[in-house]
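Reading through the structure tokens given below for one structure.
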Amino acid sequence: MSLRPWFPLVSWSSWAWLALLASSLLRPLQAEEGGEVTGQVLFEGEIPRPKRIRMNADKECDKMHGETKVYFDNLVVSEGRGIRWVFVYLHGVKGEYPTPADPVQMLQKGCGFSPHVSGVRVGQKLEILNEDPVPHNINCTAKFNKPFNETQSSGNRKEQVFTNAEVMVGFRCDLHPWMGAYCGVTKHPFFAVTDEKGQFTIRNVPPGSYTLKAWHEELGSQGAPVTVTAGASQAVTLTFKGGQ
Amino acid sequence: MTSEPALAADWSGGKSPYAVSHLKLGMWLFIVGDAFTFAALFVGYGYLRLGHPEWPRPFDTGSILQASLMTFFLLSSSATMAVAVAKARKGDASAAVQHMVLTVIGGLLFLIVHALEWRHLIQQGASLFSNPWGVPLFTGCFFTITGMHMAHVASGLVVLLVIATKLKHQHATADHVEVAGLYWHFVDLVWMFIFPLIYLLSMRTR
Amino acid sequence: MSETHAEHEAPRSFIRRYIFSMDHKVIGIQYLLAMLLLAVVGLALTVVMRWHLGIRTVLRPETYLSLMTMHASLMFVVVTVTPTSAFGNYFLPLQVGARDMAFPFLNMLSFWVALAAGLVLLSSLIVGAPISGWTAYPPLSAVGGVAGPGLGLGQTLWLVAVALLCVSSMMGALNFIATTLNLRTRGMSMMRLPVSVWGWLTAAVTGLLVFPVLSAGGIMLLLDRLGKTSFFVPSGLYLGGEVLPHQGGSPLLWQHLFWFFGHPEVYIVIVPSMCMVTHIMANFARRPIFGYRYLVLSLFGFVTLGGVVWGHHMFVSGMSPYSGLAFSILTLFVSIPAAIFAISWLMTLWGARIQFRPPMLYCLGFVSLFISGGVGGLFNAQSSLDIYLHDTYWVVGHLHLLFAMAAIFSVFAAIHFWFPKMFGRMMNDTLGTIHFWFTLVGAYIIFLTMHYMGFLGHPRRYAEISQFDFLKPAASAHTLISVVALITAGAQILFLFNFFWSLFAGRKAATNPWNSTSLEWTLPNPVPFSNFERDIPVVHRWAYDFELPGGAQDYEMQTAPGPSMDGQTGKGVPTEKST
Amino acid sequence: MRRAVAWLVFWLVAAGVVAAFYKRVLWFPPAVSEHGLSMDSQFSVSFLVIGTLFVAAQALFGYAVLRGRGKSGQPPSFWPSNPRFEKRLILAIVGVFSMGSEKAWANMYFRKPSPDALEIELTAEQFAWNVRYPGADGQFGDTAPKFITRANPIGLNPSSRSGGDDLVLLNEVRVPAQRRVRLTLRSKDVLHSFWVPNLRLKQDIVPGLAIQVEFLATKTGQFEIACAELCGLGHFRMKGTLIVMEAQEFDQWLEEESE
């Protein structure tokens, strides 16, 4: 059996077309029924100085960055006090939602995980790729899913499916101890990760009352009640206190 | 020197030149080996205990009295076992069986009081990995060592019962009783290390 | 009360006779075959590892580590039991003149438990073998899967296998001691025992004393893993992104317990090997053993010293430097009993008319390897030098030369020597000779190079060496080792072929093909179920009356009356009247 | 013919071994520490004595075997053994080694800690070396596992007074030459071993213990730190660098780093 090199291209693109078609059919339907939760996660207290990663611990990692300084991503606060990398999700969602076929990607790149925080659905593929010329290690410290711990050589692709909801599944690379990532595993699609300004948007939420939960690697988690009405946007602001 | 015919019989193979039965020799060897198991556990216990300046001493007078009671049961069961061996040697099977039953009762009482003690400790929040009195390893060592010992006592009871039954039906000999006795005394001896090292050294001092 | 099986009939059914047999001869062969199988698996792992290290990087680091762990553990199961359990089982009762072991049922149990240990070990290979090495140092081995792949279920299975091995070895040891002490035939005084029996006895005594310690340590480690106790796990470990709940244990405690077993364990393997070699060598040198009494004394030396030198595995472990000092000096004293053996071999060979048959070749190879490995030990034994050599390839080379290669040579010698008695056929001499030379030269090239790599400071258990500049020169050495190792491993096919081919098509063996002296050679092939069909023969001399002046033949069987060179003629020998 | 080939092989191997030793292929890396030099001399003595013993024993054994070849019909000849001589030889060897070796050992371990040694703390983890200098106040801040995060790898207590100026590096140990350095070795998780071949220094790092070792580096340069105790899947990659600098250069660097 020999496959032409264009075969995966065609098959993937046809899947993509199908997905696009399906989503274009579904979206107007949901938009009418669902509401939207947006907001911002803010930091209170003295904004900590970002800490530099000593990349020279691994010469090859150092080479990738040249003179650029790299900082830890554990607590990133913007000038407007928005906290980046907060995982926000709705608690108390009922009903079944189809699992997307596309995988969520997590890269090991430049001796760091990218994205640092992401979300994946139960049953959806999480694809971990090592794009660096050096080997990494994926140490997944899941509690409610099967943990695993293995070396990932340069260019290797690993696919993982989680069977239980878990916020958050931690990932580390023990070969480069400054590397860490988190992935929230949820049963429904109503989650988001805050951006540089600490802002997030969760779309197409079926009307109802929920708890909006926010999780941060170092600051812990908190929740706030939200009530979503169809076609409306609900704005929520959450505040984490730092330096306790 | 024994007489020639007896010697010839002894030497015809399959018999011992030292006039010790295989079973007895085997039991002695087992005891030597098993003593090393307990020795290693005790060494580990001592090593860990010395590493912790504030090793807990939670046992009050009541617990020590209870442990003394256990010691009493076990010691007296050893005494009845010694009598059973002597009776069996004399050929008085029924008296031997009686004393073995007494031994089993002593052992059972020991186990029951011991189990009650365990239950009491567990109710107070003691487990293999934590306890309310401080260093978690205290109960780790306690349960491991006494547990090993209890397992030995329990299996000893089974052996005693089997041999007593067999003796009653003339399927066992005085040799069997003696070997079972050896084991039982060994188990008792181990307890004589456990009692001071684990109980008395962990007595509450005011 | 009788447990000898002289009084019951040989079992008729196939299962009772060949599978669940209580006959020591069947059990000996079962051990031999099972261990050959496990050894082949262990060797296959070596091939993969050497391919990875020296030729092409094909394994993930963790896979390399699990293969390494499994190789060591399998070989340690195999090598440990083969010299004693396989040959001891078959030949100890024959050589002391007994109808069976003292406890035939225990003997059967011991084999099946050992086999179970081997199978559980193999099953851990299937679920993901541990990566903690055969020493299983905690906390790596004690805290479960957070410490690395294979350290969850795989490590637990590994521990179960070790526990089973302990039980099996203790049953075996008990049996061997009881048999040797209790079942000797008339005239077989302790000082007339063939040296091989002394070796098995020594191994059994050592095993009886140290396996319980390992099992106690194993119980504690298992409780740490399953019961969350903290015997070996200190407080505040941070692993996998969180602080572990364990509190207050000591990793060094495991090292003490483990090496209290682990060091004598080396003697459990090598002492019976040395003794079998001594026995076989006397036969092919046609010479009485030089200094039999000293040999026996030095065996006591091995047992005693073996129990007090475990700390030399821990010179840099963080234990008190004063104990390091003491252990170092005590360890140097081990060279005394070892040298007594070496001198005895040398003197036995000196001026002898050597018959260069394969069993003898393997014995000579053993002696050479033993000397090489032994003098290497004089470096490690010095605590100050061990700072440099500890955990480097020097140690790997040293232990393989002695513990693995020398021991396996003694097994080869024993297989070739006793094959005619066990299977009634001779093995092929030419194949044996070729296999011998390949293995000897291979062993030397591989393991001397490893010693040499130790000079570089090359740490052992490295899955790859590309990270370190100071290891760059070792790359070509790794390639050399790998190529030679593959050839040497390939040469083992010769042996396997020889073994199985001779099993069915070898030349039929005479009753005493090597003109040997000990009791097993008085028996017909195949050896009858109760060994000695009529009365057990009376022994009149030791087993090493070769080259007696004025004899018609150049040897005397132990059963032959008359003056002997054992220096005890007249002592303990029954008069003719009493037979 | 066979004999000629055997001799050829023998001499080739012998020449190869001699050449390898002479050219120092796979030889010890040069020692750069004070105690390393005494260890090297102890090794040389051992190498000479044990090497001689090794060659003598193998040669004697080989000779005995070769003599036994092709002999038949001759009466065996015994070599009168001299057990007393043999015993003395072995005791002498034991004596020489225990004295020499233990002296080197004592030199390293049984000396008073020098009061003016530079204090450095090394915390090993899977699979990296965290290096800590006490900073300007000369005091280490207190640490606890519960404070450990990725950005705070050794778990410095944020409210610790003396910890604020602690300098924490990764995989890089800088020390001045010709000054005693006291390393405090700790581990966050499993056993590791601090191994610098050039320093002739190897010390296991045991979690739960703080093991101190002292050394004095005599030469400047960069040397590799390897882990010598199996610590998990990244064991082979646990690499650090020891940088020995001139004293003033070191002071300057320390000042710059802790600004």
Which pair of non-hydrogen atoms, one from [X] and one from [Y], has the smallest distance, and what is that distance?
X	Y	answer
C:Leu140	D:Cys231	CD1-O, 3.6 Å
D:Trp195	C:Gly457	NE1-O, 2.9 Å
D:Lys202	C:Tyr388	NZ-O, 2.7 Å
C:Ala463	D:Phe236	N-CB, 3.6 Å
C:Phe470	D:Pro197	CE1-CG, 3.5 Å
C:Tyr462	D:His235	CE1-NE2, 3.3 Å

Hey, could you give me the [atom1]/[atom2] distance between [X] and [Y], rounded to the nearest 0.5 Å?
X	Y	atom1	atom2	result
C:His390	D:Asp204	NE2	CG	5.0 Å
D:Trp105	C:Ser328	CH2	OG	8.0 Å
D:Gln222	C:Asp469	CD	CG	10.0 Å
D:Glu224	C:Gln467	CD	CD	9.0 Å

Inset, instruction - Please state whether the side chain, the backbone, both or neither of C:Ser235 comes within less than 4.5 Å of a heavy atom of chain D. - result: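 Neither the backbone nor the side chain of C:Ser235 comes within 4.5 Å of chain D.
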
Would you indicate whether the side-chain heavy atoms of [Y] and [X] approach each other to under 4.5 Å?
X	Y	answer
D:Val190	C:Tyr137	no
C:Trp350	D:Leu60	yes
C:Gln382	D:Ile50	yes
C:Leu378	D:Ser46	no
D:Met108	C:Ser384	no
D:Arg200	C:Ile387	no
C:Tyr322	D:Phe110	yes
C:Leu349	D:Tyr63	no

Legend entry - Output field: ring centroids D:Phe43/C:Phe379 closer than 6.0 Å: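 That pair passes the under 6.0 Å test.
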
Inset, instruction - Run the ring-centre check on D:Phe61 versus C:Trp345 and record whether the distance is less than 6.0 Å. - result: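 No: the rings miss the under 6.0 Å criterion.
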
Inset, instruction - Output the option from D:Ala57, D:Ala64, D:Gly208 having the highest count of non-hydrogen pairs under 4.5 Å with chain C. - result: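 Result: the option with the highest number of such pairs is D:Ala64.
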
Inset, instruction - Tell me, out of D:Leu53, D:Asp40, D:Leu191, D:Ile211, who's got the most heavy-atom pairs with chain C below 4.5 Å. - result: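 Heavy-atom pairs under 4.5 Å are most numerous for D:Leu191.
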
Considering only heavy atoms, which portion of [X] lies under 4.5 Å from any heavy atom of chain C: side chain, backbone, both, or neither?
X	answer
D:Val206	side chain
D:Gln126	side chain
D:Gln42	both
D:Ile225	backbone

Legend entry - Residue-level interface, residues 335-342 of chain C with chain D, non-hydrogen cut-off under 4.5 Å: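 Within residues 335-342 of chain C, near chain D: C:Ser335, C:Ile336, C:Ala339.
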
